[in-house]
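Structure, as structure tokens:
Protein chains get the first letters and strands the later ones, always in sequence-line order, with residue 1 at the start of each. Note that these values count all heavy atoms, side chains included, but never hydrogens, waters or copies made by symmetry.
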Amino acid sequence: MENPEVAQVFEEVADLLDIQDENPFRVRAYRNAARTIRDLAAPLAQLSPEKLEDLNGIGKDLARKITTILETGDLPLRQELRKQVPAGLRDLIAVPGLGPKRAQTLHQRLKIGSLDDLRQAAEKHRIRKLRGFGAKTEEKIVQALEGREETGRRVLLAEAKVFADAVVSHLRQAPGVGQVEVAGSFRRHKETVGDLDLLATCRRVGPVMDRLADYEAVAEVLARGKTKMSVRLRNGLQMDLRVVPEASYGAALQYFTGSKEHSIQLRRRALERGLRVNEYGVFRGKRRIAGRTEEEIYEAVGLPWIPPELREARGEFELASKGRLPKLLELDDLRGDLHMHTTATDGRASLEEMVQGAKKRGYAYIAFTDHSKRVTMARGLDAKRLRQYWKAIDKLAGKVNGITLLKGVELDILEDGRLDLPEDVLAEADWVVASIHYGQNQPREKITRRLLNAIQSPHVHAIGHPTGRLIGKRKGYDVDLEVVFQAAADYGCLLELNAQPDRLDLDDAALIAAKERGVGIVVNTDAHSVEELGHMEFGVYQARRAGLEARDVANTRTLAQFRKLLKR
DNA sequence: GCCGTTTTCGGCCCGACTGTTTTCAGTCG
């Protein structure tokens, strides 16, 4: 059992208990435990029962339940709850605007038991007639369903990575195996992946396929042929394994990495040179002239190797042929992380713990950016508490070496466009990242106006998660990004690439547009725990997909250079 | 169900706002 699967069991239990109107704190206990498990760096199976109890939010009972899940693959409690709650209601409570109560009402009054039922009922305007619902709620449901469809049932890259890493190291232990790699959209580091395309070389095919069938998370072998095999994991993720000879490995890796559009352009370019490219190699007539490595393939058509993140047929061939491919951002380029939370508001680690975590990552500077007062649910900081917070940061800064601590705040941009704290307070901050958390459904002009107000403020250095989207859950706010980019460029306000795996906001397309406008980008984790400081890699992947280089990203600078970038 | 310089109970980041009502569920992180 991989950690995300265990977390999923607890999340399901939490949902089912929630629908049954159970003690909300018990529900939350399951949700907290799921989150802790998801954030964990090491596999649960490697922890002793005593260590399990040391984990945040996991006590005797949940530790025992984790052991049960690891040993049996399931939890009796989950089976029991499934008998009591109609299947499909869980899907309903995941829709923004619906919770356990409304899901129950919809099920009881309209016999709605699935997202399909929900869509049909909404289209027939049957929902707005229910007590407690109305036209606006019904419209919101329709919009939410549309937002979900865009990503479909794809899995977040971060979650897919857990399974990809595990299966690759599992397959590498197969006898006679050579190379093993995950291709496809996973290798292109898309924000979500639909399945995992595994590629392997080996002397004999049998042992590698046997090994995949043995992978612990496999629920079902869908197909198994001479060179190709498909399995489905318990969590629904599909894995396709292709076994290829060494001589074709590079060609197969290129072919299965895609994108389809990129490969079409590559083959067209080959044809112009009298060559033919397929998954076995590059051929002149019947003679194979390349295929062992990807570099060979690209070289055969007169190009340097193109990083997978750029293979989206968005102009990479033109850049490559002119020798002007960007030198893409790398994790090591980053010298600081400028958006994180602590126990001062809704973070789960102390200032000290976050500093230690940041030092381990080799950062030269970090900014603490707990919430401002409007975010009441996170116990956001008012002026008085914020100054105490900054005092604590200063005090800590005097005790730690090798890292600079910046006094920051995640400043709420209020519904009416004002900022959540007075100017004299903001003027004392080293770093202000302003974000929208409320009034996300406002019309385009109003949302855009709010962002412009923040951008134009002399005290705001960056805009946090500029569109507010949550991948697979919620569309971003309706905002005129063109206007925002222009203002950000004009006023020297940075825009954030938020590295939370379900945000990755701005997305790749927006980052490309922002770069064209000359907008400075800052890549931050928005970490709420020490572990989440590790999300930086996903921000880097997204930046790479947009072709960003170190110089495009503000927090690759030394602290002195970084400070010069900030508007006064 | 977790947690404890408040340990074996009684708390649990919990308040403004929206859409819908006329008392309340759901949304924000």
Side-chain angles (χ1 to χ4, degrees), chain A residues 10-11 13-14 16-19 21-37 52-66 75 77 81 92-106 127-141 143-144 339-350 369-382 385 409-416 420 433 435-442 464-465 468-470 473-474 476-477 498 500 502-503 505 525-529 532:
Chain A
F10 283 166
E11 259 159 27
V13 169
L16 297 176
L17 289 172
D18 210 355
I19 292 169
D21 206 15
E22 250 283 358
N23 173 4
F25 297 111
R26 187 179 173 211
V27 173
R28 198 160 79 193
Y30 279 97
R31 293 202 198 285
N32 286 341
R35 181 158 195 176
T36 295
I37 293 166
L52 287 177
E53 279 188 53
D54 287 345
L55 295 174
N56 230 330
I58 291 172
K60 264 201 162 33
D61 182 84
L62 289 180
R64 208 164 43 228
K65 287 194 166 88
I66 290 171
L75 189 66
L77 174 62
L81 289 168
L92 297 192
I93 66 170
V95 177
L98 296 183
K101 295 287 175 335
R102 284 178 162 173
Q104 277 285 17
T105 306
L106 288 169
I127 292 174
R128 64 177 65 188
K129 290 175 193 134
L130 288 178
R131 190 187 172 80
F133 294 76
K136 284 203 172 172
T137 304
E138 190 180 81
E139 275 166 36
K140 259 178 97 172
I141 289 171
Q143 279 177 9
H339 187 166
M340 65 186 72
H341 299 265
T342 70
T343 47
T345 61
D346 61 351
R348 295 184 293 285
S350 65
T369 53
D370 272 289
H371 287 287
S372 62
K373 65 181 194 298
R374 174 65 178 85
V375 187
T376 47
M377 204 176 152
R379 293 181 306 120
L381 305 167
D382 58 18
R385 283 180 60 216
V409 61
E410 182 175 11
L411 175 70
D412 201 75
I413 303 170
L414 302 175
E415 287 94 323
D416 60 7
D420 196 21
V433 50
S435 312
I436 286 179
H437 295 111
Y438 300 91
Q440 300 196 18
N441 291 319
Q442 288 177 349
H465 43 75
R469 70 151 177 182
L470 290 177
K473 293 198 196 103
R474 184 175 81 201
Y477 344 116
N498 187 298
Q500 291 279 324
D502 62 347
R503 286 193 184 271
D505 176 15
T525 62
D526 195 358
H528 287 67
S529 66
E532 284 183 11

Given atom [atom1] of [X] and atom [atom2] of [N], what is their separation to the nearest angstrom?
X	N	atom1	atom2	value
A:I436	B:dC28	CD1	P	13 Å
A:D54	B:dC2	CG	P	13 Å
A:Y438	B:dT18	OH	P	12 Å
A:R374	B:dC14	CZ	P	16 Å
A:K140	B:dC28	NZ	C1'	10 Å
A:F133	B:dT18	CZ	C1'	15 Å
A:Q442	B:dT27	CD	C1'	14 Å
A:R28	B:dC2	CZ	P	14 Å

Please give the distance between the [atom1] atoms of [N] and [M] as a whole number of Å.
N	M	atom1	value
B:dC28	B:dT22	C1'	25 Å
B:dC9	B:dC14	P	24 Å
B:dT27	B:dT20	C1'	14 Å
B:dT8	B:dG19	P	46 Å
B:dC12	B:dC17	P	22 Å
B:dG1	B:dT5	P	23 Å
B:dT7	B:dG11	C1'	13 Å
B:dT6	B:dC2	P	22 Å

Between A:K60 and B:dC3, is there a side-chain N or O to OP1/OP2 distance below 4.0 Å?
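For B:dC3, OP1/OP2 do not have a side-chain N/O of A:K60 under 4.0 Å.
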OP1 or OP2 of B:dC28 under 4.0 Å from side-chain N/O of A:T376:
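Result: no.
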Reckon [X] touches a base, only the sugar-phosphate, or nothing at all at heavy-atom distances under 4.0 Å?
X	result
A:D61	sugar-phosphate
A:K65	sugar-phosphate
A:H371	sugar-phosphate
A:A63	nothing
A:R64	nothing
A:L414	nothing

Test side-chain contact (heavy atoms from CB on, under 4.5 Å) on A:L55 and A:L62; report intermediate values, then the result.
CA-CA 10 Å; A:L55 295 174; A:L62 289 180; over 6 Å; no
Give the intermediate values and the outcome of side-chain contact (heavy atoms from CB on, under 4.5 Å) for residues A:N498 and A:T525.
CA-CA 6 Å; A:N498 187 298; A:T525 62; over 6 Å; no
Just by distance, do the side chain of [X] and the backbone of [Y] share a donor-acceptor pair under 3.5 Å?
X	Y	answer
A:S435	A:D412	no
A:R379	A:T343	yes
A:R469	A:R503	yes

List in chain and number order the residues that pass ring pair (Phe, Tyr, Trp, His ring centres under 6.0 Å) with A:H437, two or more places apart in sequence or in another chain; answer none if no residue qualifies.
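Result, ring pair (Phe, Tyr, Trp, His ring centres under 6.0 Å) vs A:H437: A:H371, A:H465.
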Taking the nucleotide of DNA chain B with the closest heavy atom to each, which residue, A:T137 or A:R26, is nearer the 5' end?
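This one resolves to A:R26.
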Heavy-atom nearest nucleotide on DNA chain B for A:T345 versus A:A135: which residue maps closer to 5'?
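The residue mapped nearer the 5' terminus is A:T345.
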Which stems, defined as runs of 3 or more consecutive Watson-Crick or G-U wobble pairs with both pairing distances under 3.5 Å, involve DNA chain B?
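Counting only runs of 3 or more consecutive pairs, the stems involving DNA chain B are B:1-4 with B:9-12, B:15-19 with B:24-28.
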To the nearest 0.5 Å, tell me how far A:Q440 CD sits from A:Y477 OH.
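Going from the CD atom of A:Q440 to the OH atom of A:Y477 covers 5.0 Å.
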[X] side-chain proximity, nearest of [options]:
X	options	result
A:K136	B:dG1, B:dC28, B:dT20	B:dT20
A:F25	B:dC2, B:dT20, B:dC12	B:dC12
A:E415	B:dG1, B:dC17, B:dT20	B:dC17

Dump every N/O contact between nucleotides 4-6 of chain B and the protein below 3.5 Å, one line per pair.
none

Got a salt bridge between [X] and [Y], using NZ or NE/NH1/NH2 to carboxylate O under 4.0 Å?
X	Y	answer
A:E532	A:R35	yes
A:R64	A:D61	yes
A:K373	A:D420	yes

With a 3.5 Å cut-off and heavy atoms only, can you find an N or O donor on one side and an acceptor on the other between the side chain of A:N32 and the base of B:dG1?
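Between B:dG1 and A:N32, which were checked side chain against base, a qualifying N/O pair under 3.5 Å is absent.
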Taking atom types as modelled, is there a side-chain donor on A:N56 or A:T36 under 3.5 Å from an acceptor on the other?
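Checked: A:N56/A:T36 side chains show no N/O donor-acceptor pair below 3.5 Å.
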Can you name the side-chain hydrogen bond (donor to acceptor under 3.5 Å, both in side chains) partners of A:H339, sequence neighbours left out?
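Residues passing side-chain hydrogen bond (donor to acceptor under 3.5 Å, both in side chains) with A:H339: A:H341, A:E410, A:E496, A:D526.
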Expected list for residues 96-106 of chain A: side-chain donor-acceptor pairs under 3.5 angstrom, two or more places apart:
residue : atom : partner : partner atom : Å
A:K101  : NZ   : A:D21   : OD1          : 3.2
A:R102  : NH1  : A:G97   : O            : 3.0
A:R102  : NH2  : A:G132  : O            : 3.2
A:Q104  : OE1  : A:Q108  : NE2          : 3.4
A:Q104  : NE2  : A:I19   : O            : 3.3
A:T105  : OG1  : A:K101  : O            : 3.0

Short N/O separations, protein against nucleotides 22-26 of chain B, under 3.5 angstrom:
residue : atom : partner : partner atom : Å
B:dT22  : OP1  : A:R131  : NH1          : 3.4
B:dT22  : OP1  : A:R131  : NH2          : 2.4
B:dG26  : OP1  : A:K101  : N            : 2.9
B:dG26  : OP1  : A:R102  : N            : 2.8

Between A:V409 and A:D370, does a side-chain contact (heavy atoms from CB on, under 4.5 Å) hold up when you go through it step by step?
CA-CA 5 Å; A:V409 61; A:D370 272 289; over 6 Å; no
